[in-house]
Each structure stands twice: as structure tokens, then as C-alpha cells.
Number of protein chains: 2
Amino acid sequence: MFSKATEYALRATIYIAQKSSITNKLSLAEIANAIDSPPSFTAKILQLLTKDNCVINSVRGPNGGFYITDKAKQLQLRKVLEALNENDMFDKCILGLKKCSENKPCPMHFQYKPIKQQLIHLFHVNTIQQLAEKTDHRNLFNNDI
Amino acid sequence: MFSKATEYALRATIYIAQKSSITNKLSLAEIANAIDSPPSFTAKILQLLTKDNCVINSVRGPNGGFYITDKAKQLQLRKVLEALNENDMFDKCILGLKKCSENKPCPMHFQYKPIKQQLIHLFHVNTIQQLAEKTDHRNLFNNDI
DNA sequence: ATAATTAAAGACAAAATTACCCTTAATTAT
DNA sequence: ATAATTAAGGGTAATTTTGTCTTTAATTAT
């Protein structure tokens, strides 16, 4: 469904929203370990999420790390996809046709349409905070228990 | 959503179902041109669809090419995904967690679940024939009009 | 039989994605 | 001030996906 990059971005964002605060920043190492992702690659993705403080914030140096503000927690989950430039993925034709449209629909167009809209809805209605609250972090990730 | 390979496979299958018959086989060149895909890569994909005659059939030599039997047209669209080994893609966790389940759901699990089921439904209820009939082939592909 | 045509098969190449490493910059604690 | 810590940034490597090319095998028309 999503690229690895997007999966890691979503997992990292949710994890950071669950565990971080301005006074308790999370290091790259902790995040990557918690969400089971390769640290170096995760670093690149966290950079994207940090650009212009679009989703999360970061501070360098001792006791530095990544965190998210209460305000940013109110952002729609869609912002994560935007940061990864994958926001338009749900607009695309399921058969990959460039000019699929209401006027010139592909054979799956009208059946896929309501599903597509629900997928968009999913990322539009949920805030980062809401997702973070959905599950106890103890059994969310690190799921080797 | 899907890989290029899967997109081409679905488009090719639908096109072949629309235009071919045992007496009117379609060449690789015609198919690739019609569905706007790279010929050599499409050849590989058609081979997968032809393996064990799982979806389409092929005949070599003059007036040879690809076609689909009336019987195969009654197959579920899911068979195309199976041939590409992408049949399990809808079973996967949207966040990429290996052990996401009802007992140990990821934060998006229960919201994604009904959408996932509709996606599976889409490929289970539609036969190849039904999809092929959905749109007039003249304005399906070659959509540069 | 022979030549022409078409898919099958295998090797290879290009591009994109994923992953890693090293240096630099910023920040903090001492 | 200095040393330690941590993310940022750049370059590179590995892997996967996508795409190409050439040869072989099968079939047909002549």
C-alpha cells in the first residue's frame, strides 16, 4: 500500500506523539528501535517531517532529539503524507491511467471511487493525536511480545 | 497503490478480454501499444499471466498472440493479482506492522478494516468479463483523444 | 521443407527505493 | 572554553523494480 518511507513516517509520528514532549525528546536511536526501522533511513525521514516544523520538531545536542508540540498533534494525519510527497496517492487511478476521470472512467473507476474516498477520509479526519491515543504504546510497536 | 507490473497486468487482461478471441489473437505489440506499457516489460508480465494458462493463453507463430477463453473470463479479477504474487497485499497492515491483528491492532487497524474488506471484495466479486464490459474499449485506453 | 512470424526465456541495464556511513553543525553539560 | 552528545547533510552502497535486448522455440503459411 504505502512505501517503506511512508510506513516509517507514520509509525514514527504516532510513536513520537505517544511518548515525546518538549521536556522529553526522543533520540533517533530510540525511535528507530521502537518502530522497528533502519536508523539511518529513519533519520532521513525524520528530517522530512521536521522540515519547516511541518509535523515534528527537533533539537540537536545532549538531551536533544525529536518531539511534537500539542498544536502539531492536532494536525491531520494527511500532513505526514504531504511531508513525504505522497499526498496525492489516493487521487490516482487504480489501474494507473493518467487520464482516468468521471468523463472517461476506467473500468474500475466507479467501484473504486467510494473506497478511494474512504481512504482520503481516513487521513483527513484523524489527527495525529487521535491516532496516538488509539492504542496503548506498550503493545503497539515492539510487537515481539 | 499497485506496482507498475500489476497495473500493466490488470490493463492487459481487461484489454485482452475486450478484444481477443480464439480466432483473433492479439500480439504483444498491439497489447502494449493499446494499454500504454513498455513492450518488453509487458512481455514478462504476459508470461506470468500465461503460466499454466492461469489467466490468458498464448500461441506462438504467425497469427499467434494472446487471447482469453470464455471460461477464463469468468475468473475473478483476483486471479490476476495471484499471478503477480500480489494477492496478499490487502491482508497487510496499513502501517506495515508484521504482527498487527485483531488482538494486537495498530492504531489504524479498526478504521482500515472495512476499507480493506471493500478492496478485497472488489477483486473477489468482479470477474474479468464484467470489468471488460464496463467500458467501451474505444475510450478506455489509448486515452490521448 | 523452408521461410516468416510470434511468444518464451535468459541475460543484462537503468532507475528508483531502501539503507548505511561519515563529516558537520548545533547544543548542552561540565 | 571544552568535551560530549545529538540531529543535519552529503555521499555512497545494496536491493528491488522497471525496462531492454538477444537468442531460442514453436507455429504457420508458402
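All heavy atoms count here, side chains included; hydrogens, waters and symmetry mates do not. We name chains A, B, ... by the order of the sequence lines, and we start the count at 1 in each one.
- No donor-acceptor pair closer than 3.5 Å links the side chain of A:Thr127 to the backbone N or O of A:Leu75.
- C:dA8 atom P lies 9 Å from atom CG of B:Leu28, rounded to whole Å.
- Ring centroid separation for the pair A:Phe123 and A:Phe2 comes in under the 6.0 Å cut-off.
- Atom-to-atom, CG of B:Asn63 to P of C:dT6 comes out at 7 Å; the value is rounded to the nearest Å.
- At a threshold of 4.0 angstrom between heavy atoms, the contacts of A:Lys44 include nucleobase atoms, whether or not backbone atoms are also involved.
- Contacts between chain B and DNA chain D, taken as any atom within less than 4.0 angstrom of a protein heavy atom, begin and end at D:dT18 to D:dA29.
- What separates NZ of B:Lys51 from P of C:dA7 is a distance of 16 Å, to the nearest Å.
- Nearest heavy-atom pair, A:Leu131 versus B:Met108, reported as atom, atom and distance to 0.1 Å: CD1-CG, 3.3 Å.
- Between the CZ atom of B:Arg60 and the C1' atom of C:dA8 there is a distance of 5 Å, given to the nearest Å.
- In terms of position on DNA chain C, the residue among A:Phe2 and A:Gly64 whose nearest nucleotide sits closer to the 5' end is A:Phe2.
- A:Met1 has its side chain out of reach of B:Lys92: every pair of non-hydrogen atoms, C-beta onward, lies at least 4.5 Å apart.
- Nearest heavy-atom pair, B:His109 versus B:Cys100, reported as atom, atom and distance to 0.1 Å: ND1-SG, 3.2 Å.
- Cation-pi geometry between B:Lys25 and B:Tyr67 is satisfied (NZ or CZ under 6.0 Å from the ring centre, within 45° of the ring normal).
- In this structure, B:Ser40 reaches the bases: a heavy-atom distance under 4.0 Å links it to at least one base atom across the strands shown.
- A:Glu86 has its CD atom 9 Å from the P atom of C:dT17, to the nearest Å.
- Residue B:Leu48 is classed as having no contact, given no heavy-atom separation below 4.0 Å to the nucleic acid.
- Counting to the nearest Å, the P atom of C:dA16 and the CG atom of A:Asn85 are 15 Å from each other.
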Would you list the atom pairs, donor with acceptor, under 3.5 Å between side chains in residues 39-51 of chain B and any protein atom, with sequence neighbours excluded?
{"from": "B:Thr42", "atom 1": "OG1", "to": "B:Ser37", "atom 2": "OG", "distance (Å)": "2.6"}
{"from": "B:Thr42", "atom 1": "OG1", "to": "B:Pro38", "atom 2": "O", "distance (Å)": "2.7"}
{"from": "B:Thr50", "atom 1": "OG1", "to": "B:Leu46", "atom 2": "O", "distance (Å)": "2.6"}

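- Using a distance-only test at 3.5 Å, with no hydrogens or angles considered, a donor-acceptor pair links the side chain of B:Asn126 to the main chain of B:Leu122.
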Pairs under 3.5 Å (Watson-Crick or G-U), crossing ones as [ ], inter-strand ones as |: DNA chain C comes out as ||||||||||||||||||||||||||||||
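- A:Ile45 comes within 4.0 angstrom of no nucleic acid atom, judged by non-hydrogen atoms across all strands.
- One finds a salt bridge joining A:Asp36 and B:Lys98 here, because a Lys/Arg side-chain nitrogen approaches an Asp/Glu carboxylate oxygen to under 4.0 Å.
- Checked against C:dT18, C:dT24, C:dT6, the side chain of A:Phe41 finds its nearest nucleotide in C:dT18.
- Per the geometry, OH belonging to B:Tyr67 stands 14 Å off C1' belonging to C:dT6, to the nearest Å.
- When heavy atoms are screened at a 4.0 angstrom cut-off, A:Ala5 is found touching the sugar-phosphate backbone but no base atom.
- The NZ atom of B:Lys104 lies 11.0 Å from the SG atom of B:Cys93; values are rounded to the nearest 0.5 Å.
- Residues A:Pro62 and B:Ser27 each lie close to DNA chain C; by heavy-atom proximity, the contact nearer the 5' end of the strand is made by B:Ser27.
- Residue contacts shown for A:Thr42 are absent, as no nucleic acid heavy atom lies under 4.0 Å away.
- If you measure from atom CG of A:Leu84 to atom C1' of C:dT18, you get 13 Å, rounded to the nearest angstrom.
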